[in-house]
Amino acid sequence: MTYNFNEIEQKWQDHWAKHETFKAENNSDKPKYYVLDMFPYPSGAGLHVGHPLGYIASDIYARYKRHKGFNVLHPQGYDSFGLPAEQYAIQTGQHPAVTTEENIKTYRRQLDQIGFSFDWSREVRTSDPSYYKWTQWIFIQLFNSYYCNIDHKAENITELIKEFERAGNTHVNAACDEDTPSFSSEDWKAYSELEKQEILLKYRLTYLAETEVNWCPALGTVLANDEIVNGVSERGGHPVVRKKMTQWSMRISAYAERLLQGLDTIDWTDSLKESQRNWIGKSVGASVTFMVKDYDAKIDVFTTRPDTIFGVSFMTLAPEHELVSQITTAEQKAEVEAYVEATAKRSERDRMADVKTISGVFTGAYAEHPFTKAPIPIWIGDYVLASYGTGAVMAVPCGDQRDCDFAKYFGIDIPNIFEGVDISEEAFASKDNVKIANSDFLNGMNYKKATKRAIYELEQIGQGKGKTNYRLRDAVFSRQRYWGEPFPVYYVNGMPQMIAAQHLPITLPEVEKYLPTETGEPPLGNATVWAWDTSKKEVVSNDLIDNKTIHPLELNTMPGWAGSSQYFNRYMDPHNEDEIFSKDAIDYWQQVDLYIGGSEHATGHLLYARFWQKFMFDLGLVPVDEFAKKLINQGMILGTSAIAHRVYCHTSSLKNEKERVKGVYTSNIYVSKKISEEIEEDNFKEINKDIYDIIHSGLLDEISNFNFNNSEEKVGEEIFHISTNPTHVNVNLVNSSDELDIEAFKNWQPEFSNASFIGDSGKVLTPRRMEFVSDFKVSREVEKMSKRWYNVVNPDHICEQYGADSLRLYEMFLGPLEQYKPWNTAGISGVHSFLKKLWKLYYDDTSFKVTDATPTKDHLKTLHKTIKKVEEDIDNFSFNTSVSTFMIAVNELTAQKCTSREILEPLLVLISPYAPHIAEELWEALGHKQSISTAPFPVFEANHLVESSKEYPISFNGKMRFKLELSLDLSKDDIEKAVLADERTQNQLQGREPKKVIVVPGKIVNIVG
RNA sequence: GCUGAAGUGGUGGAAUUGGUAGACACGUUGGACUUAAAAUCCAAUGGCCAUUAUGGCCGUGCGGGUUCAAGUCCCGCCUUCAGUACCA
């Protein structure tokens, strides 16, 4: 019998599906355990070998927990709303739902062939109306809630209304917009309904607001901060600009403190918690109010160092600050306006890139020091950001580097308020331990004491109070996209109204085209049946809108993170049509015990989901306020790309007449991304000398035309990506019409001499006529797997060739789960031959070998040390080392010629989480009728590992020289005697007396000589 | 700049509380089997030196230190990756 993995794997995958082996029940005598993967976005490209890494790890853990007697919930689903399907729809007219359905089919097939133990009966899809019904439902709950800062929780908005009626908002301490006015009970009652709604919107946990957003013109949508990388969109790399728009926002900032505190209660990686802490960005300090001299205005600032208030020698406002135009004096007006204008012109990116330059303008106005009443010049400067704090700072040049640089640059006073510190010499080291001086009532106090006192004094004069500031901004929740959850919202007189929960879901309307409308409205603006009939309670044609009973519906859709913020709970009761989940289900499953996914979601999904969970906790819907007890970030599996570099200059694509005359055009150099970012002329010369020589051959006049291209647009033109598999070459050249000289190519790269060539359109292409061509250079680079780089390894091929069990074992064997590591298919033969060896322990060429023979001591020792190690490894998520352990076990048992059922049966259970198909097959061969999946995990018995002797390493001055087998019963002295008596010891000592002999019984002997 | 993680053979990576550095694989070399190949099996494999075996020296990014003993602990650097960035 040979190990026919293809047949076996198919057989057991069918078996599991047919018998619903992994279906989890919502009640059980067993303890529960919930293992969850971050659900995938089903992209058109399908899975590559990097995707299943986390799924394999979680599957091993889920299977292990089943063996350990747990009732395991291990579901899977799809985050199926998203931009790629929409982009595809724009290009082809294909409905995103159709594309998504197709992609899901591919994903499912690919996932199934790897043998995961998912409970597919609980599958969810975020784009399914029966699912997004509940996403919409949560949105309504958020709308109907506000955040009470006294109870530190979300409460129903009706409570707030009652309070307004009773006493206005004077006693209310709730999260709200900054521009919320104060009003009395009488005021409230006098407000019109519209005014009341406007006020309430300032308190609701989701609200409409005119916000400055990151607008991406190319994508026609708003992007969240975490969707922007280096100033361009994460997807597609398009430029992003700031723009004001009316958007739905989530008042996540209300939860800043709880999101921060909650981190201490969960077992997530430190780095991830740290990113969230940074993102929340708590800083404790004070707000201080400065009066503007000769002008009825005041400036609020936030400072973390109120103790340095006597060191203030100027103030700086952000150029966008609203007071700037008012307080600027006539003499300064021209200069200030010029500066403000210049700043406005600079993009956010420019401002960020240019941190070093100091710039600013004096407004001519003065503020008044709250205590000394001294005049303080008010400046504007673009180092102060309008978006953080109050957009104004009190500058303490002796305590803050930037304030100091600014003061020095403009020749402003630098008063010293630190005792014993020479500020002209000492840099801005920690001054926390230095005493305050020249500061009136703060003199002689340390940082802590002075801070307290300063705040107290400020409060006394009513010009400040202690304040905590958070960097965390409210999250914009509207997207100008088609393929997302529609809002359950219609508008009456411009005021948003919620559709009652019983009419959900509001399903996505059909549209003719998926682009924004000609008037610039989101894609839903193209829908013709998209109005809400308040009497019939249904969606009706836009033509019927009368603004009496029929009103327009919201045109934005929800962002990607909406659906992913509640799916982990929905899995507990995914088919419930009446509730988001039953109380029984949530009480039973509680929360995710183990969550596995990528760290790229650190400040996106993982923060928003925690926010929703806390909100749902406040509503009493969930029993715990953190959704995932433990979280592990799996690393990424990287691909190896071959990158060809070549310089060519051609006349046909010269950009303009001038260049043509000069005969210079050398943009066609592609240097691998990482190199290009930092490359200097000298470096380049070293790397690609011959290319450099061409550039400097005199035929090319100017090095300045020399471009290192790494932008996406240029890829097709400039670079050749060659697949790393030498039997298939993809040469990808766009914008060119000539055939590639294949012979020349093969001469250039002999490793491809037997390859078949495939061009982009079936034909191999090459660039246009070239004047000078350098030699090709090929380098290899490890980077993210991507279709673009021709470095994708498809798991289908691996499963076909080696089997799913080999793939699973190999992905684990590659290295620690959390680590980023390159894929190298060559190594898979090792784990594959391990499985063949395992098979051979049970089967000969002809027959089944397992017998009822009594196991020997050695057999038992091998088994039990394997049990011990594998159990420890799984508990530590160290899956790579347990694969090694299996290899050692099988090698040993093969050498021992073990055929004993007592050994080989438990061995299968140990391996089953990792290689479930082969384990099931051999388990069945052993006569079992039930799946191995719930067979109890073997119990480790320490007595099998007890040794009577130990081969002691004998070291001299810490260096191991030889080994000596000694009984473990020996005392320290006996060991020392035995070691000293050995002739090899005498050899080492060469007649010297040992100064000291260290004996660690059971471990080591060290002789100092 | 700040925060976090990490630097070990040709490669991926092992190494409980400090206690035999390089487990387990890949690759490479040699051998067996075969007409041949594949598959399988056996042996060697950190570097350097020596050799008749026994051996010796150097080795975990760099420089110090603690210790009988350091990949592991301490101090000071360097490099790489990731996140974040004028946060007052």
Side-chain angles (χ1 to χ4, degrees), chain A residues 2 225-226 229 269-279 281-283 285 288 301-305 308 315-316 318 351-358 381-385 387-396 399-403 405-406 469-471 599-600 602-603 633 635-636 674 809-810 813-816 818-831 833-834 836-837 840 869 872 876 878 880-889 891 951-963 984 987 994-1000 1002-1009:
Chain A
T2 56
N225 282 331
D226 49 287
V229 177
T269 59
D270 287 340
S271 66
L272 200 139
K273 288 195 206 177
E274 204 52 39
S275 317
Q276 292 212 347
R277 283 194 193 104
N278 289 341
W279 196 259
K282 180 179 183 175
S283 43
V288 183
V301 302
F302 174 76
T303 176
T304 52
R305 295 295 302 267
T308 63
M315 302 188 69
T316 316
R351 262 172 92 168
M352 281 196 318
D354 183 21
V355 180
K356 296 268 147 56
T357 317
I358 297 166
D382 67 1
Y383 79 96
V384 177
L385 303 176
S387 58
Y388 182 77
T390 59
V393 300
M394 60 176 226
V396 182
D400 181 277
Q401 185 68 60
R402 284 158 315 167
D403 293 345
D405 294 343
F406 196 90
N469 221 31
Y470 297 90
R471 196 182 76 104
S599 56
E600 65 274 19
T603 52
N633 293 126
M636 203 181 283
K674 279 177 197 138
L809 279 173
Y810 187 54
F813 190 59
L814 271 177
E818 309 81 19
Q819 203 165 298
Y820 280 60
K821 54 224 162 210
W823 176 269
N824 175 12
T825 303
I828 202 169
S829 65
V831 291
S833 58
F834 156 73
K836 284 197 269 189
K837 278 186 219 163
K840 280 190 186 159
K869 180 82 167 95
E872 282 168 5
N876 295 326
S878 174
N880 54 328
T881 48
S882 36
V883 178
S884 309
T885 307
F886 291 136
M887 289 173 171
I888 295 167
N891 287 344
E951 198 177 28
Y952 278 94
I954 312 299
S955 53
F956 292 79
N957 298 320
K959 284 186 180 122
M960 204 281 286
R961 292 304 176 188
F962 63 90
K963 287 174 188 169
R984 286 170 296 184
N987 246 342
K995 282 185 195 141
K996 204 173 177 184
V997 179
I998 311 281
V999 178
V1000 185
K1003 279 237 163 100
I1004 200 168
V1005 178
N1006 191 20
I1007 296 165
V1008 189

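Below, chain A is the first sequence line, B the second, and so on; all start at residue 1.
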**Message:** Between C1' on B:C86 and CG on A:Asn278, what's the gap in Å once rounded to a whole number?
**Reply:** 16 Å
**From NZ (A:Lys996) to CG (A:Asn1006), nearest 0.5 Å** = 10.0 Å
**Asked** Considering Watson-Crick and G-U wobble pairs with both distances under 3.5 Å, what does B:U17 pair with?
**Response** none
**Prompt:** If we call it a pair only when both distances are under 3.5 Å in a Watson-Crick or G-U wobble match, what pairs with B:C48?
**Reply:** B:G56
**Prompt:** Would one find a side-chain N or O of A:Arg961 under 4.0 angstrom from OP1 or OP2 of B:C57?
**Reply:** yes
**Asked** What residues form a side chain to side chain donor-acceptor pair (under 3.5 Å) with A:Lys869, not counting sequence neighbours?
**Response** A:Asp873
**Message:** Could you tell me how far apart A:Lys282 (NZ) and B:C2 (P) are, to the nearest whole angstrom?
**Reply:** 24 Å
**Asked** Which one is paired to B:G30, where only Watson-Crick or G-U wobble pairs with both distances under 3.5 angstrom count?
**Response** B:C42
**Message:** Under 3.5 Å, is there a donor on one side chain and an acceptor on the other for A:Thr881 and A:Ser878?
**Reply:** yes
**Prompt:** Rounded to the nearest 0.5 Å, how far apart are CG of A:Asn880 and CG of A:Leu809?
**Reply:** 12.0 Å
**Item:** Between B:U16 and B:G7 - P atom distance, rounded Å
**Value:** 13 Å
**Request:** Quote, to the nearest angstrom, the P distance that separates B:C48 from B:A36.
**Result:** 35 Å
**Asked** Got a second to check how far A:Thr316's OG1 is from A:Phe406's CZ, nearest 0.5 Å?
**Response** 5.0 Å
Return the polar atom pairs (N/O with N/O) between nucleotides 41-52 of chain B and the protein under 3.5 Å, or none.
none

**Prompt:** Given the C1' atoms of B:G76 and B:U66, what is the spacing between them in whole Å?
**Reply:** 15 Å
**Complete:** Separation of B:U84 atom C1' from A:Leu272 atom CG, nearest Å, is 14 Å
What protein N or O atoms touch nucleotides 18-22 of chain B N or O atoms at under 3.5 angstrom, if any, and at what distances?
residue	atom	partner	partner atom	Å
B:U20	O2	A:Lys963	NZ	3.1

**Request:** Measure the CD-NZ distance between A:Glu951 and A:Lys963 for me, rounded to the nearest 0.5 Å.
**Result:** 5.0 Å
**Base partner of B:G12, which must satisfy Watson-Crick or wobble distances under 3.5 Å** = B:C24
**Torsion-based syn/anti label for B:G9, 90° from 0 as limit** = syn
**Asked** Which atom names give the shortest non-hydrogen contact between A:Ser283 and A:Phe302, and what distance separates them?
**Response** O-CZ, 3.4 Å
**Request:** Could you walk me through whether A:Leu272 and A:Asn633 pass side chain to side chain contact (heavy atoms under 4.5 Å, CB included), step by step?
**Result:** CA-CA 9 Å; A:Leu272 200 139; A:Asn633 293 126; 3.1 Å; yes
**Request:** Sequence neighbours left out, what passes ring pair (Phe, Tyr, Trp, His ring centres under 6.0 Å) with A:Tyr810? Give chain and number order.
**Result:** A:Trp823
**Prompt:** If pairing requires Watson-Crick or G-U wobble contacts with both distances under 3.5 Å, which nucleotide is the partner of B:C86?
**Reply:** none
**Message:** Taking only the P atom of each, what is the distance from B:U8 to B:U3 in whole angstrom?
**Reply:** 24 Å
**Message:** Please give the distance between the C1' atoms of B:G31 and B:U17 as a whole number of Å.
**Reply:** 45 Å
**Asked** Is any side-chain N or O of A:Tyr388 closer than 4.0 Å to OP1 or OP2 of B:A88?
**Response** yes
**Asked** What are the two closest non-hydrogen atoms of A:Lys821 and A:Gly815, and how far apart are they?
**Response** NZ-O, 3.8 Å
**Request:** Find the partner of B:C73: check Watson-Crick (N1-N3 plus N6-O4 or O6-N4) and G-U wobble (N1-O2, O6-N3) distances, both under 3.5 Å, and reply none if neither fits.
**Result:** B:G65
**Message:** Say we look at B:G83 and B:A23: how far apart would their P atoms be, to the nearest angstrom?
**Reply:** 35 Å
Distances under 3.5 Å only, N/O to N/O: pair up the protein atoms with those of nucleotides 13-16 of chain B.
residue	atom	partner	partner atom	Å
B:G13	OP1	A:Gln819	NE2	2.7
B:G13	O3'	A:Asn880	ND2	3.4
B:A14	OP1	A:Asn880	ND2	2.9

**Item:** Whole angstrom value for the distance that separates C1' of B:A25 from CD1 of A:Ile828
**Value:** 12 Å
**Fill in**
Applying the 3.5 Å cut-off to both distances, the Watson-Crick or G-U partner of B:U79 turns out to be B:A6
**Asked** How many angstroms lie between atom CZ of A:Arg961 and atom CZ of A:Phe956, to the nearest 0.5 angstrom?
**Response** 8.5 Å
**Message:** In whole Å, measure the gap between the C1' atoms of B:U72 and B:G19 for me.
**Reply:** 11 Å
**Prompt:** Given B:A88, B:A23, B:G27, which nucleotide is nearest the side-chain atoms of A:Leu385?
**Reply:** B:A88
**Prompt:** If the P atom of B:G64 is compared with that of B:A82, how far apart are they to the nearest Å?
**Reply:** 32 Å
**Message:** Can you measure A:Phe886 atom CZ to B:A23 atom P for me and round it to whole angstrom units?
**Reply:** 20 Å
**Message:** Using modelled atom types and a 3.5 Å cut-off, is there a donor and acceptor pairing between side-chain atoms of A:Lys273 and backbone atoms of A:Ser271?
**Reply:** no
**Item:** Donor-acceptor contact present, side-chain A:Lys836 to main-chain A:Thr2, <3.5 Å
**Value:** no
For nucleotides 60-67 of chain B, tabulate all protein N/O to nucleotide N/O atom pairs closer than 3.5 Å, reporting atom names and distance.
none

**Heavy-atom pair with the smallest gap, counting every atom of A:Tyr388 and A:Arg471** = CE1-CA, 4.1 Å
**Message:** Just the rounded figure in Å: distance from P of B:A25 to CG of A:Asn824.
**Reply:** 17 Å
**Message:** Is the phosphate of B:A25 approached by A:Asn891 (side-chain N or O, under 4.0 Å from OP1 or OP2)?
**Reply:** yes
**Prompt:** B:A88 P sits how many Å from A:Phe406 CZ, rounded?
**Reply:** 18 Å
**Prompt:** Between A:Ile1004 and A:Tyr952, what is the shortest heavy-atom contact and its length?
**Reply:** N-CD2, 4.0 Å
**Request:** Search all heavy atoms of A:Val396 against all heavy atoms of A:Asp403 and return the closest pair with its distance.
**Result:** N-OD2, 2.9 Å
**Asked** Are OP1 or OP2 of B:U84 and a side-chain N or O of A:Arg277 less than 4.0 angstrom apart?
**Response** no
**Request:** In whole angstrom, give the distance that lies between atom CZ of A:Arg471 and atom C1' of B:C2.
**Result:** 12 Å
**Asked** With a 4.0 Å cut-off on heavy atoms, is A:Ser271 in touch with a base, just the backbone sugar-phosphate, or nothing at all?
**Response** sugar-phosphate
**Message:** side chain to side chain contact (heavy atoms under 4.5 Å, CB included), that's the test. Do A:Val997 and A:Val1005 meet it? Break it down for me.
**Reply:** CA-CA 7 Å; A:Val997 179; A:Val1005 178; 4.2 Å; yes
